[in-house]
There are 2 protein chains.
Amino acid sequence: MEIKVLENILKANDAIALENAKLFEERGLFAINMMGSPGSGKTTVLEMTVKMLEGKRNVAVIEGDISTTIDAERLIKYGIPVIQITTETFGGTCHLDANMVGRAFDKIPTAYAADLLCVENVGNLVCPAGFRLGTEKNVLVLSVTEGEDKPLKYPAMFRNSDILLLNKIDLLRHLEYDMEKLREAVRQINPTLCIVPLSAKSGEGAGGWIEWLEEGIRSRKGAAHS
Amino acid sequence: MEIKVLENILKANDAIALENAKLFEERGLFAINMMGSPGSGKTTVLEMTVKMLEGKRNVAVIEGDISTTIDAERLIKYGIPVIQITTETFGGTCHLDANMVGRAFDKIPTAYAADLLCVENVGNLVCPAGFRLGTEKNVLVLSVTEGEDKPLKYPAMFRNSDILLLNKIDLLRHLEYDMEKLREAVRQINPTLCIVPLSAKSGEGAGGWIEWLEEGIRSRKGAAHS
């Protein structure tokens, strides 16, 4: 009985996600769903990304949090459209769903020709993995301070991700971190997952991430023009 | 409709939690529910705790993870009873519930006179806060690498906790961390929450935590004898 209800919810969510995906395609924008634990550095990665793409690409952001507009405030100062979803309005759920994202996207001015839409999900390494939003790619942010065993312990999230940003590498010299152990754990769960070690604070390693985004933006625009 | 189903689930959970609480009381043990983000250091805190109480108090552990027995293996080497719950057996849920904990507790030999039962919840700063387990106190582990704004962004978890272990203070000298900002955020959400800064790695600051546990164990034993 419970499972049936859950299945219905997921089916309804998937239908809305499909509508979102069509809308993003029509608008010719590349949309990503950024996920990760609380404090993994998702918003700092976004700040860095917006700064690095400034003057080159139009970025729009949808921020997901249970409470507060702290993250949106960090991003609005870059002069881009930022829509905050606080899930406490929806019962305090632990993840974004397609309906929330669709309604938030409607608030981004249509006059703004976004190339890239970044959706920052609620900080949670478990639940967001189960809800499609209509975004094209899933981006996982994991910080090195979280340890090397997380792919094995949170397999669904790592299985569903297209790129892993291994953040806070500026702290590596202060930690006993075994990078090969992390790579081996990722291989066990998702052998094709692309790992990009970087520091959103110092910008080290960010080139590969920006190139990956540019690739996504270009291929979306190519599709729209064909 | 959905909310009704959820309410029924929560009511059923609370009834089982009450049974667990009675059982823990009868057995004269102090039970805690340890929660926190993935990688906040819950298992390392547990390892430190078991070592510091060795020869003084009998500790039993219930480990909650979605997948793997990695955490249980880290603890079993101390020669104490450790029961692992992997929630993938229960559909991969993002939190422990009272039924899982009750069933795991049944597997701890009754001949083992535990003074302290530590339940380590699934790494998640959101969902575990909503499910009572029957434990007497909620312990929240937050690492300083997660930033100062988490109490405001995850208010339910901070509101429901009895003690906050602010972990990884050995990394403070490498971070720009504003301890007063964290304290102010905690005050806004839960003014009476006790904050214990510590390093589970170096043991610095752990005395206050062990004293808090001893207080809980003593008061539980006092109640059982009265």
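Reminder, nothing fancy here: chain letters follow the sequence lines and each chain counts from 1.
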Using heavy atoms and a sub-4.5 Å threshold, report which of [range] line up against chain A, by residue number.
{"range": "residues 38-50 of chain B", "value": "B:P38, B:G39"}
{"range": "residues 66-73 of chain B", "value": "B:I66, B:S67, B:T68, B:I70, B:D71"}
{"range": "residues 185-207 of chain B", "value": "B:K201"}

For the candidates B:C127, B:G123, B:P155, which exhibits the highest count of non-hydrogen atom pairs separated by less than 4.5 Å from chain A? B:G123

Which portion of A:K150 sits near chain B, non-hydrogen atoms under 4.5 angstrom: side chain

Highest number of heavy-atom pairs under 4.5 Å with chain B: which of A:S37, A:G147, A:S143? A:S37

Listed by chain and number, what are the ring-ring contact (aromatic ring centres under 6.0 Å, His included) partners of A:F158, not counting sequence neighbours? none

Say you draw a straight line from NZ of B:K168 to CG of A:L175; how long is it, rounded to the nearest 0.5 Å? 7.5 Å

From B:E146 CD over to A:T145 OG1, what is the distance, rounded to the nearest 0.5 angstrom? 7.5 Å

Just wondering, more than 12 heavy atoms not from B:E180 lying within 6.0 Å of its CD? yes

